[in-house]
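Everything numeric here is computed off the predicted structure, so don't read it as measured data.
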Amino acid sequence: MASIPGLGEPLPAADPTATTSSTVAPTTTETLEPFWEYRFEVPHASTLDIKLTSGFAEKDGTELAPNTPYTFSATKSKINTWYGCTLEISSTGNYDAYISEPTADETPMVSYLNLHFKLEAFRAAAQRSGQMGPRVLVVGPPNAGKTSLVKMLTGWATRMGRQPLVVNTDCREGMLVLPGSLSAAVFPSIINITTDWGNTPSSGPSAVPVKLPIAYCYGLEHPEKNTRLYKMLLSRLAVAVTSRLAEDPDVKTSGLLIDTGGISVSKGSYDHIAHIVSEFSVNIVLVIGSERMSSEMQKKFAGQKTSLDEAITVVGLDKSGGVVERDSGFLQQVSESAIREYFFGSANATLSPFTQQVDFSALSLWRVNEASTPSTLNDDIYSDTMLEKIEPSLMIQNCILAVVYASIYDSADTIRDSNLMGYVYVSEVDEKRRKLKILAPVSARLGDRPLIWGSWPEPMVSLLG
Ligand SMILES: Nc1ncnc2c1ncn2[C@@H]1O[C@H](COP(=O)(O)OP(=O)(O)OP(=O)(O)O)[C@@H](O)[C@H]1O
């Protein structure tokens, strides 16, 4: 079994269009004035090392430690500075980078920071009165910088000693879980900036404390693929989040920061947004990158109150010119890197997952149905839950299955509503012998837990190379 991440992976061909390209690793130095940004794109299988040698710099709200190399791969992002800094850059493979040189009046970062201080004032007021801190929802079109803004607000809040509860409702990407799962976690300490949101709990030792998310498996790419199931799971997540807020005064004061997937302005499909606002008692809606969406949200929530009888405020924000589109190929690479790291760890901490052979009859396997899937099955195995009990087949080869905290004797409803426990990977299906080869991060008996299979994340070419 391959035990090193990326073992057996062919190196991609050099990209002739890259503006900065290197296959050896000459070190360069970049000096940034206040408000400038070092914007970079590193493909999978290349690495970019960035070291802060003087001044102050941050990535998505989290400060870089001085003289510490940070290694990025399969990432499109930026390093920004408020006071100016010098960065030392080296790489293996190709990358693309440039420096953006805005003034304080030209960058939307200043308005994001002002917004953070406004939220901080709300938190301070909540602390004095014992009330709930702000519950902030970030919405906008695809690739508007929503996740980056949520990360910045999280990073700045933790630097002020707050413990915000961050919720990811974007099923295309995962937060501390693999794509396809909806999750929430308290961030009492900094985000590990070389990973997307930080190491997943399976990833072994980490310099930055690992955050433990609560998560539910949705298993589909978009909320529209099964809106009812998506909303049901959001409601479950909201119940868990509300009880976490109630039991911890520091988290309650810090409030919520909620990320969403991109919504299309032309479709105007704000149905699930209204559901999130009501379930999580959102009192601040930030609309980034679309004046039209901002004015539609203003109209939608005008005069409405939260369950705590507060007005719902809608704030429009400019999008940063640096936000880049990530095509499906790049997102697939990011997803595969996250899956690889979940099972095999990172270069700093390798893990040894367990392979086991399981008989078809020993598994309780459930498929997440898309809403349009016609039910041709009888009510015993297809309930209103949108989960359908199925026999293993070649269809699940190279797929990720979610393992949930439930018993195989539980009803489909209970399985649907159960917390996510972790994931396994199906490396081989032998239909003749009715056996599966399964890779798991821990050596537990799989027959004891129901497994959920969805169409997201997509099947991999092969995890074992
Ligand atoms: N100022 C910037 N300079 C360079 N890259 C940036 C900048 N801001 C954001 N990005 C990058 O652009 C990409 C898209 O940003 P982000 O994920 O925040 O957008 P999003 O609106 O959440 O996207 P989606 O609609 O897919 O959820 C990310 O890779 C992010 O790191």
Side-chain angles (χ1 to χ4, degrees), residues 35 37 39 41 60-61 76-78 80 100 102 104-119 134-154 156 166-173 175 182 196 221-225 227 230-231 234 256-304 306 311-328 330-331:
F35 304 105
E37 291 181 3
R39 297 174 175 170
E41 300 188 17
D60 295 334
K76 300 188 183 194
S77 192
K78 57 147 195 316
N80 69 291
S100 153
D105 294 338
E106 290 164 349
T107 172
M109 293 290 286
V110 173
S111 58
Y112 300 166
L113 191 63
N114 286 338
L115 177 81
H116 156 72
F117 284 116
K118 189 80 198 158
L119 295 178
R135 282 89 57 214
V136 181
L137 176 71
V138 180
V139 298
N143 302 306
K146 301 178 293 298
T147 306
S148 304
L149 179 60
V150 172
K151 276 188 198 159
M152 283 185 257
L153 295 175
T154 306
W156 292 330
V166 183
V167 182
N168 178 40
T169 65
D170 180 359
C171 43
R172 282 193 89 200
E173 295 179 65
M175 181 191 75
L182 311 176
D196 195 15
E221 188 184 0
H222 297 293
E224 298 76 33
K225 292 222 166 185
T227 312
Y230 180 76
K231 285 189 183 175
L234 280 181
L256 295 180
L257 295 168
I258 308 173
D259 192 12
T260 56
I263 37 179
S264 147
V265 189
S266 57
K267 280 192 200 156
S269 151
Y270 305 141
D271 185 32
H272 68 273
I273 298 296
H275 185 74
I276 297 172
V277 169
S278 103
E279 290 293 288
F280 291 88
S281 290
V282 168
N283 64 337
I284 300 173
V285 180
L286 304 177
V287 185
I288 185 165
S290 168
E291 281 181 25
R292 175 173 159 190
M293 197 179 288
S294 177
S295 97
E296 284 172 1
M297 291 283 171
Q298 304 261 13
K299 273 189 228 139
K300 189 167 182 61
F301 295 113
Q304 285 195 30
T306 68
I312 299 173
T313 309
V314 177
V315 181
L317 291 167
D318 286 340
K319 164 183 171 170
S320 161
V323 180
V324 280
E325 204 173 308
R326 291 154 309 152
D327 58 25
S328 52
F330 183 81
L331 280 177

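Across all their heavy atoms, D318 and Y112 have their closest contact at O-OH, 2.6 Å. The minimum heavy-atom distance linking V166 with M175 is given by the pair O-CE, 3.4 Å. Between V138 and V150 the shortest heavy-atom distance is CG2-CG2, 3.6 Å. Closest heavy-atom contact between S320 and R39: OG-NH2, 3.8 Å.
In this structure, the side chain of N168 does not engage the main chain of I258 through any donor-acceptor pair within 3.5 Å. K300 places no side-chain N or O within donor-acceptor distance of the main-chain N or O of S295, the cut-off being under 3.5 Å. Put simply, the side chain of S111 gets close to the backbone of P108: a donor and an acceptor are under 3.5 Å apart. Without hydrogens or angle criteria, S294 side chain to S290 main chain gives no donor-acceptor distance under 3.5 Å. K76 contributes a side-chain N or O that, together with a main-chain N or O of E325, makes up a donor-acceptor pair within less than 3.5 Å. With Y230 contributing its side chain and T169 its backbone, the two residues share a donor-acceptor pair below 3.5 Å.
A 4.5 Å side-chain heavy-atom check between D105 and V110 finds every atom pair outside the cut-off. Counting heavy atoms from C-beta outward, Y270 and V139 have side chains that stay 4.5 Å or more apart. In this structure the side chain of K151 reaches within 4.5 angstrom of the side chain of D196, judged on heavy atoms. Counting heavy atoms from C-beta on, the side chains of L257 and V167 never come closer than 4.5 Å. Using a 4.5 Å cut-off on side-chain heavy atoms (C-beta onward), P141 and S264 make no contact. Between L317 and V287 the shortest side-chain heavy-atom distance does not fall below 4.5 Å. Proximity of H222 to R172: side-chain heavy atoms (C-beta onward) are separated by under 4.5 Å at one or more points. In this structure, the side chains of I312 and T306 come closer than 4.5 Å at one or more pairs of heavy atoms.
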Using a 3.5 Å cut-off and no angle test, enumerate the donor-acceptor pairs between side-chain atoms of residues 275-285 and protein atoms at least two apart in sequence or in another chain.
unit_1: H275; atom_1: NE2; unit_2: K231; atom_2: O; d: 3.1
unit_1: H275; atom_1: NE2; unit_2: S235; atom_2: OG; d: 3.1
unit_1: E279; atom_1: OE1; unit_2: S235; atom_2: OG; d: 3.0
unit_1: S281; atom_1: OG; unit_2: S307; atom_2: OG; d: 2.5
unit_1: N283; atom_1: OD1; unit_2: R135; atom_2: N; d: 2.9

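Note that CD1 of I263 is 9.5 Å distant from CD of E296, once rounded to the nearest 0.5 Å. To the nearest 0.5 angstrom, R326 atom CZ is 5.0 Å from L331 atom CG. Of the inter-residue distances, the one linking D170 atom CG with L182 atom CG reads 9.0 Å to the nearest 0.5 angstrom. Between the CG atom of D60 and the CG atom of L149 there is a distance of 10.0 Å, given to the nearest 0.5 Å. One finds the CG atom of L113 at 10.0 Å from the CE atom of M152 (value rounded to the nearest 0.5 Å).
Residues in residues 141-150 take part in these side-chain hydrogen bond (donor to acceptor under 3.5 Å, both in side chains) pairs, two or more places apart or across chains: T147-D259.
Heavy-atom neighbours of Q304 CD from other residues, nucleotides or ligands within 6.0 Å: above the threshold of 12.
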Kindly determine whether L153 and L119 satisfy side chain to side chain contact (heavy atoms under 4.5 Å, CB included), including the steps that lead there.
CA-CA 9 Å; L153 295 175; L119 295 178; 4.2 Å; yes
What's the verdict on side chain to side chain contact (heavy atoms under 4.5 Å, CB included) for I288 and M293, showing C-alpha distance, side-chain angles and the deciding distance?
CA-CA 9 Å; I288 185 165; M293 197 179 288; over 6 Å; no
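In summary, E37 and K78 do not engage in a salt bridge, as defined by a charged side-chain N under 4.0 Å from a carboxylate O.
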